[in-house]
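Right, one structure below, let's go through it.
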Number of protein chains: 2
Amino acid sequence: MKPGVSPDTFPPRSHEAKRISVVEAAASVFCREGFAGANIDLIAAEAGVSRQTVYNHHRDKEKLFVAVVRDLTERCNAGTFATIATFPDQPSNLEADLIGFAMRMNRNCICNRDGRFLRKLIQTEGERYPELFAEWREQGPGRTWSALAARFARLAYAGHLLIQDPDVAARQFLALINAELQITFMLGGTPPDDEVLQSATNGVRTFLNAFGRQKSASHAAKRSALVSA
Amino acid sequence: MKPGVSPDTFPPRSHEAKRISVVEAAASVFCREGFAGANIDLIAAEAGVSRQTVYNHHRDKEKLFVAVVRDLTERCNAGTFATIATFPDQPSNLEADLIGFAMRMNRNCICNRDGRFLRKLIQTEGERYPELFAEWREQGPGRTWSALAARFARLAYAGHLLIQDPDVAARQFLALINAELQITFMLGGTPPDDEVLQSATNGVRTFLNAFGRQKSASHAAKRSALVSA
DNA sequence: GACGAATTAGACAAGACTGTCTAATTTTGT
DNA sequence: ACAAAATTAGACAGTCTTGTCTAATTCGTC
């Protein structure tokens, strides 16, 4: 090879930029192919670096994998806490505000690249790295659910909801707003916006029918529509 | 193939018994190691046959994988429809009957070996075999959800529930009764019986609060308990 | 008991992958 | 501009895996 001018990307990237490139490419390949099927040469090519650079930054395949999971976990947690911070503590329109929040949760934490990748890695390799994913479990869902439960408890205390156990309500809220996306998630896909909205809307309505102070207006309206049909 | 006397134990097993052994062992290994990581020698050893026998029954690794998925899909569907047949159409105690049904769904369709294995294979290899899993999707969740929705529609028509959209209600029912088991499922584990019961109970109560004719007694009781606390 | 089909253990070629090494080149800090 | 550090392409040994083949053995059935 005779590189008078690097034919790669426009400018050469820094040391740190390459480390990031490698981890990103590795995340993509590990998700697509699984740990065993992932190929270091492919990761290097996808990151736009040489194989040796991959080994320079991360001693071996296993260390690289751990780095990928830690990176995804950290970013997902940050995104999730940032999104929970937008929880509607003083709702003007409870249903609309909760649907908005549900959409933000889905878009920023569950359907985005990091969320999908981390979920897939947990599903496929979780049993192989118990300690690594135990760490994720404590830092991620454990604290996330507590934080969300606290917000629901506040809403209940303020009289907007009737909740017995805020932890249960928080888990059920998350389950409900994703109820219609399960199949897509299982196959690793990204649901289109309108499906996400549909699932969030249906989920929030059912949640409010269960935990709201009275069954929501939309429910009653559709009930009479059903009767007349 | 007429097995007049079937020596199921250590003595030599029949042709058909070996085919089953191979598929079972393959399911286990594919789940544990993923498609790429699965090793034919290991499958053969785990099935108690020679490697050549594996190749005799199934031309190659990919055909073996497809056979495993078809086998699991078929058994899971059969189990699911059998369980849906036990849906409480004429409930004496709606909450108790639905909790019982939820437990049967969890135990016979979701937490059992076939359910866990099939779910894991879909998650890990779903993107690699679009047509295979599209088939599963139509035959499995597609028909399952319809069948369950029909049962809920009947309950609603008989006046036991207030449901606008039975399909949405069916999906939300399944989401709710598993809401507390998500993490365990993600990591491929089997939740203990008491957790399954807890999740089913909480899920059914919330479901009935949302879709029942009035909020359930247990809810009202706990609500006053909460207020007094 | 005997015959054909199935099974077994093992060898085998072909290919893929990991992780190391080297020598040349490029980038970065000063 | 210069020296140190990082990066690159490529070769390489060692290992593993798949799928085929063969020759010996066992099984099912008459």
Side-chain angles (χ1 to χ4, degrees), chain A residues 1-26 28-68 125 128-129, chain B residues 1-26 28-68 125 128-129:
Chain A
M1 279 305 174
K2 181 169 160 305
V5 179
S6 65
D8 295 322
T9 52
F10 323 123
R13 296 155 305 161
S14 75
H15 184 69
E16 215 41 45
K18 292 200 178 181
R19 165 173 248 111
I20 293 171
S21 269
V22 170
V23 174
E24 299 257 310
S28 170
V29 175
F30 279 134
C31 281
R32 223 172 38 240
E33 316 286 347
F35 180 82
N39 176 303
I40 302 281
D41 286 334
L42 180 57
I43 291 172
E46 208 151 301
V49 304
S50 73
R51 175 173 59 246
Q52 189 58 49
T53 297
V54 176
Y55 283 107
N56 285 347
H57 283 272
H58 311 275
R59 184 179 311 284
D60 58 27
K61 195 179 180 182
E62 187 156 323
K63 297 244 183 350
L64 174 57
F65 180 80
V66 171
V68 166
E125 312 294 342
R128 196 185 310 280
Y129 298 89
Chain B
M1 297 298 172
K2 171 64 177 68
V5 183
S6 55
D8 298 296
T9 52
F10 303 98
R13 298 155 304 162
S14 75
H15 184 69
E16 214 42 45
K18 291 198 179 182
R19 166 173 248 113
I20 294 172
S21 269
V22 170
V23 174
E24 299 257 308
S28 170
V29 174
F30 279 134
C31 280
R32 221 170 41 238
E33 315 286 347
F35 180 82
N39 175 306
I40 302 281
D41 287 334
L42 181 57
I43 292 173
E46 208 153 302
V49 303
S50 72
R51 175 172 62 248
Q52 189 58 50
T53 297
V54 177
Y55 283 107
N56 286 347
H57 284 272
H58 310 94
R59 185 178 310 283
D60 57 28
K61 194 178 179 181
E62 187 156 325
K63 297 243 183 351
L64 174 57
F65 180 80
V66 171
V68 166
E125 311 295 342
R128 196 186 311 280
Y129 299 89

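Keep in mind the model is a prediction, meaning the values are calculated, not measured. Protein chains get the first letters and strands the later ones, always in sequence-line order, with residue 1 at the start of each.
Rounded to whole Å, the distance from CD on A:Glu33 to C1' on C:dA16 is 14 Å. Computed from coordinates, the A:Phe65 CZ to C:dG19 P distance equals 14 Å when rounded to whole Å. Between B:Lys61 atom NZ and D:dC16 atom P there is a gap of 15 Å when expressed in whole angstrom units. Remark: P of D:dG19 and CG of B:Asp60 are 5 Å apart, rounded to the nearest angstrom. Taking atom CD of A:Glu62 as the reference point, atom P of C:dC17 lies 19 Å away to the nearest angstrom. Protein atom CG of B:Leu64 is 13 Å distant from nucleotide atom C1' of D:dT18, rounded to whole Å.
Put simply, the side chain of A:His58 does not reach to within 4.5 Å of the side chain of A:Val66, judged on heavy atoms. The closest side-chain heavy-atom distance from A:Asn56 to A:Lys18 is not below 4.5 Å. Counting only heavy atoms from C-beta outward, the side chains of A:Val49 and A:Val54 approach each other to under 4.5 Å. Side chains of B:Lys61 and B:Phe30 form a contact here, defined as non-hydrogen atoms less than 4.5 Å apart.
Relative ring orientation between A:Phe35 and A:Phe65 is described as perpendicular, the plane-to-plane angle rising above 60° on a 0-90° scale split at 30° and 60°.
If you check residues 35-42 of chain A against DNA chain C, the residues with a heavy atom closer than 4.0 Å are A:Ala38, A:Asn39, A:Ile40, listed by number.
A distance of 10.5 Å separates CD1 in A:Ile20 from NE2 in A:His15, rounded to the nearest 0.5 Å. From A:Ser28, atom OG reaches atom CD of A:Glu33 across 8.5 Å, with rounding to the nearest 0.5 Å.
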How would nucleotides 5-11 of chain C be written as a contact map, 5' to 3', with B for base contact, S for sugar-phosphate-only contact and - for no contact, using protein heavy atoms under 4.0 Å?
-SSBS-B
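Annotation for A:Val29 and A:Asn39: closest pair CG1-N, 4.2 Å, computed over non-hydrogen atoms.
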